[in-house]
Every structure is written in C-alpha cells, then in structure tokens.
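Everything below concerns the one structure shown next.
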Amino acid sequence: MHRGHNLTKYMAYDPTDRKSIEVRAKALVGKSLRQALEGLSVVHEYHGRGAFGLFLESFYFGIHPGNSSEPDFKEAGVELKSFPLKRSKKGLVAKERISLGMIDYMSMPSETWETSSFLKKNSDLLLIGFLHESDQDFLDYLVKIAELWEFPPEDIEIIKEDWKKIVAKVRVGKAHELSEGDTLYLGACTKGADSTGRRPQPNSKEMAKPRALCLKQAYVNAIIGRTLDGAEAVVKDIGQLKKSASFEELVAARFERFKDKPIDEIHTMLGLGLVTPKPSKDHYAKLARLMMGVKGKKIEEFEKAGVVMKTIRLEQDGKPKESMSFPAFKYKELVKETWDDSTFKDMLERRFFFVVYQRDEKGELRFKKVKFWTIPTHDLEVEVGSVWEETVQRIRAGKADKLPGQKENLVAHVRPHARNSRDTDEAPDGKRLVKKCFWLNREYVGKTLI
DNA sequence: GCATGATCATGC
DNA sequence: GCATGATCATGC
C-alpha cells in the first residue's frame with residue numbers, strides 16, 4: 001500500500017454524509033488503526049509527528065484534503081482532527097494542543113468572527129483521540145475518542161472573545177507580542193520546528209513568529225473529560241449564538257459588589273459566621289472562591305482555561321506581604337528537565353487570576369480588586385529562565401543547599417516549601433535536603449498589580 | 001525592614 | 001499521608 005491508494009471502495013460509508021462519517025469514526029474506538037484495517041497488509045512510509053493523522057485521512061477515511069480552507073470532509077462540513085492523549089496520574093490527558101490552522105497575519109484583520117476562516121473550517125470537528133505510546137508504532141495506538149464535536153454555546157462565547165483578542169493585536173501591528181497566555185480556550189501558539197522563522201505583519205515593521213490558532217491544552221483536557229464521561233448536548237447553529245460579555249469580564253463582575261469591603265462585611269454578605277481571630281492560611285483563598293460563587297475547591301471555568309488563582313495580601317503601603325509560592329519540586333526530577341519544557345515554565349505560562357486584599361490605614365483587611373495576569377515574555381524567558389538554569393546547575397554541582405535567593409534576581413527565587421525542616425527530598429548527590437520550590441519575588445508580584 | 005527558613009491548615 | 005497554597009517567625 002502506498003500513499004494515494006484509494007481504499008474507499010472497501011468501505012461502506014459515505015464521506016459526504018455527516019452521520020455516516022460519525023458511524024465510521026465511532027467504529028475506531030477501542031481499536032488501533034492496524035486492527036481497524038485488519039486484513040490489509042500495511043506497508044507505509046509515514047512516520048513522525050502527524051503520521052497518525054495523515055494515515056487516518058488517507059487509509060481509514062479515504063480522503064485527501066490537503067491544505068484547503070474548506071473542512072476536510074467538504075460536503076459534510078466536518079473537519080477531521082486527530083490528537084494524542086497521554087497517561088497522567090489522574091487519567092488520560094491531552095499530550096498537546098490541537099492546532100486549528102496557521103494564522104495569516106495579513107488577511108486576518110479583514111475578517112469578522114462570523115466570516116472568519118477559522119469558523120468556516122473548524123465549527124464542526126471530528127475529534128479522534130488516540131493514546132500515544134512512545135515505544136509503539138502509531139498504527140498500534142489505541143483510539144479512545146471519536147466524537148463529532150460542535151462547541152457548546154458557553155464555550156463558543158469564550159472562543160469568540162479569544163479570537164477577537166488575537167485579531168485585535170494583529171490589527172494594531174502587535175502580532176509579535178501575541179502570547180498563548182493572552183487567551184483562555186483558543187490560543188495563538190507558535191509554529192515551526194525551529195524558532196527562527198519570522199513573518200511580516202500589517203501595520204508594523206516588526207517580524208512576528210509564525211503562529212497557529214489552537215485549542216489550548218487545558219481546553220482539550222476539558223473536551224476529553226466530557227467525551228470520555230459521555231457527551232453533552234452540543235449547539236446546533238453557531239450563527240444563532242447570542243452575545244455576552246467576555247469570560248474575564250464576567251468573572252471580574254462577580255467581585256464588583258465586594259470591592260473595598262472589609263473582611264467581616266464580606267462574611268456578612270456571604271452569610272458566613274464571624275471572622276475567627278486567627279483565620280487559617282487559606283482562608284482568603286476560600287473567601288475568594290465564595291465571592292466568585294464557587295463552593296468547592298475547584299473552579300471549573302478556571303480548570304478548563306488553565307487559569308491559576310492566587311490570593312495576594314498587600315500591606316498599607318501597597319506592597320505584598322509575601323512572595324508567591326509554587327509546588328515543591330523534586331531535585332532529581334528537576335535536573336532531568338530542560339527549561340523549555342520544564343514544569344515551572346509550563347506553570348508560569350498560564351494565565352493567572354489574582355485576588356487582592358489590602359490592609360487599610362486602620363489595619364483592617366479589605367478586598368481590593370481582582371486582576372488577570374500573564375507573565376511578560378522577557379520576564380519569563382530571560383529572568384525566570386536564568387534563575388531556573390542556575391538552580392539546575394547548582395543542584396547538579398552538589399550545591400542544592402545554596403540555590404538562587406531573592407536578591408539574585410528581580411523576578412524569581414528558590415526557597416524551602418515543605419511541611420517542616422524534616423520534610424526532605426533526595427538531591428542527585430544523595431544528600432537529603434528540605435523540599436523547595438520556585439517563588440515569584442514579593443517585590444515583583446507587587447509590580448504586576450500596578 | 002526584609003530575606004530566608006520554617007511551618008500551618010486543608011483537602012484529597 | 002502528603003501536596004499545596006499561604007503565611008509565620010527569625011535573624012541579619
């Protein structure tokens with residue numbers, strides 16, 4: 001078998017019919033491509049990233065869409081997207097984002113959401129999720145998800161806002177400042193194996209990195225959660241969706257009535273009891289969730305979007321009382337990472353949601369404001385990057401007890417993060433040291449709020 | 001006053 | 001039992 005060989009004659013399915021496509025797709029669930037195409041001796045030349053998808057198109061669905069602006073199943077209006085899953089402690093998660101087509105900086109500004117090439121191609125997706133195993137041939141990957149996916153209305157509202165944010169930047173000649181952290185579900189992710197390629201953009205001489213529109217990893221995880229647990233109702237007509245405020249505005253609006261109110265008054269407003277003399281360390285985080293109208297510890301909208309909530313307490317002078325902690329790392333695992341795919345970089349690239357409290361002149365703590373924030377590229381790549389590299393170097397050199405302190409860098413430092421001094425972790429040299437994590441400097445956190 | 005080390009309280 | 005977000009406490 002070779003590329004271009006038409007197998008559709010073996011298939012009792014109609015690639016122009018949505019229902020038929022779905023039936024054929026669903027038949028893949030629980031099988032590998034090799035099993036699904038049983039009986040055919042398969043010799044192929046496909047390999048590397050995207051091999052699964054190309055093979056699936058040609059030999060399972062018998063289509064050859066190429067790089068068209070039309071959906072892959074043109075007549076049915078369905079775009080085929082296969083994507084890898086991987087195992088995590090909690091179950092299956094997305095291995096990466098789902099890319100939905102390169103951004104054409106020059107033509108995008110003249111589009112509206114309704115007429116966008118994005119919507120034209122991607123409003124109706126056939127999602128095929130397969131379990132990626134690094135030691136297997138892609139023909140043996142098991143298909144876990146096969147789902148016709150139209151975006152639920154509440155999601156499409158957010159995606160629309162995301163899309164508009166991206167276009168807005170491109171329009172004003174700021175394509176080079178695009179960042180995946182700008183948006184929630186739909187992201188502008190960098191494309192191209194080497195990071196050197198650049199493209200022209202309108203209204204600026206600056207060249208911009210090539211980027212594609214993508215469903216961000218956190219959102220793909222939300223899709224996986226929904227489809228593996230059984231599908232929800234989906235929207236029938238994307239054009240009918242009504243307008244609403246953006247996700248971030250909606251979230252911020254929930255806090256509006258609490259602005260500048262002292263803690264005890266907020267307690268009253270929320271129908272809580274009196275403020276205890278010594279509130280627990282996560283009391284203000286809990287209060288923040290309650291102000292948002294969320295009961296549990298998880299905030300579903302934030303989980304989907306990969307947004308991280310952090311509470312910040314400011315003193316009278318407006319400076320944060322504390323630096324900002326992150327999960328403790330394991331010395332031996334940290335030194336195996338590279339900065340670009342490090343756990344900490346991954347964490348910092350997310351969108352943050354700060355809930356800010358401040359002491360007034362009488363010393364009374366009040367809710368001040370909320371703020372969505374993404375770390376500027378320079379601060380991440382140059383400042384945090386160097387702290388990270390220095391940390392790894394010192395651990396490798398057996399100096400895990402002397403990691404970069406707050407005075408060494410303006411943005412980040414390393415410091416203990418453990419239950420107590422006996423809560424230790426083994427360094428590569430065998431010494432046991434108290435668990436530590438990366439912190440964002442107190443002073444720096446203060447500056448982000450201005 | 002601030003950096004640094006140490007620890008608390010919660011919830012899974 | 002432990003990770004986690006957050007804050008306390010000490011000493012320079």
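Because only heavy atoms are used, hydrogens play no part in the values below, and waters and symmetry mates are left out as well, while side chains stay in. It should be emphasised that the depicted structure is a prediction, and the values quoted were computed from it without experimental measurement. Residue numbers begin at 1 in each chain, while the letters A, B, ... track the order of the sequences.
Under 3.5 Å, the side chain of A/Gln406 and the base of B/dC2 form no donor-acceptor pair of N or O atoms.
Residue A/Met347 contributes atom CE, which lies 12 Å from atom C1' of C/dA3 at whole-angstrom precision. One can place NZ of A/Lys407 at 8 Å from C1' of C/dC12, the figure rounded to the nearest angstrom. Rounded to an integer number of Å, the gap from A/Phe438 CZ to C/dG5 P is 15 Å. Look at CD on A/Glu315: it is 10 Å from P on B/dC2, rounded to the nearest Å. We find that NZ of A/Lys436 is positioned 22 Å from P of C/dA6, with the value rounded to whole Å. Rounded to an integer number of Å, the gap from A/Met324 CE to C/dT7 P is 10 Å. Rounded to an integer number of Å, the gap from A/Ile312 CD1 to C/dG5 P is 14 Å. With rounding to whole Å, A/Asp401 atom CG is found 13 Å from B/dG5 atom C1'.
For A/Arg419, counting side-chain heavy atoms from C-beta on, the closest listed nucleotide (C/dG5, B/dC2, C/dA3) is C/dA3. The side chain of A/Lys310 approaches C/dG5 more closely than any other nucleotide in the set B/dT4, C/dG5, C/dC8. In this structure, of B/dC2, B/dG5, C/dC8, it is B/dC2 that holds the atom nearest to the side chain of A/Lys319. Nearest to the side-chain atoms of A/Arg442 among the listed nucleotides C/dA3, C/dA6, B/dC2 stands B/dC2.
Side chains of A/Asp346 and A/Thr343: no donor on one and acceptor on the other come within 3.5 Å. With hydrogens and angles left out, the side-chain atoms of A/Arg415 and A/His413 include a donor and acceptor closer than 3.5 Å. Looking at A/Arg442 and A/Ser323, their side chains never bring a donor and an acceptor atom within 3.5 Å of each other.
Along DNA chain B, the nucleotide closest to A/Asp317 and the one closest to A/Arg422 are compared, and the more 5′ of them pairs with A/Asp317. Comparing A/Asp423 and A/Met309 against DNA chain C, the residue whose closest nucleotide sits nearer the 5' end is A/Asp423. A residue-by-residue look at A/Lys286 and A/Asn420 shows that A/Asn420 has its nearest nucleotide of DNA chain B further toward the 5' end.
The residue from A/Met207, A/Arg171, A/Arg199 that alone fulfils the side chain to side chain contact (heavy atoms under 4.5 Å, CB included) condition with A/Tyr105 is A/Arg199. Among A/Leu287, A/Val355, A/Leu290, A/Ile266, the one residue that satisfies the side chain to side chain contact (heavy atoms under 4.5 Å, CB included) test with A/Phe258 is A/Ile266.
A/Ser421 has a side-chain polar atom (N or O) that falls below the 4.0 Å cut-off from OP1 or OP2 of B/dT7. Distances shorter than 4.0 Å separate none of the side-chain N or O atoms of A/Arg313 from OP1 or OP2 on C/dA6. OP1 or OP2 of C/dA3 lies within a sub-4.0 Å distance of a side-chain N or O belonging to A/Lys435.
Within 4.0 Å of A/His417, counting heavy atoms only, lies at least one base atom of the nucleic acid. Backbone-only contact: A/Thr311 has heavy atoms under 4.0 Å from sugar-phosphate atoms and none from a base.
The environment of A/Lys259 atom NZ is dense: over 12 non-hydrogen atoms of other residues, nucleotides or ligands sit within 6.0 angstrom.
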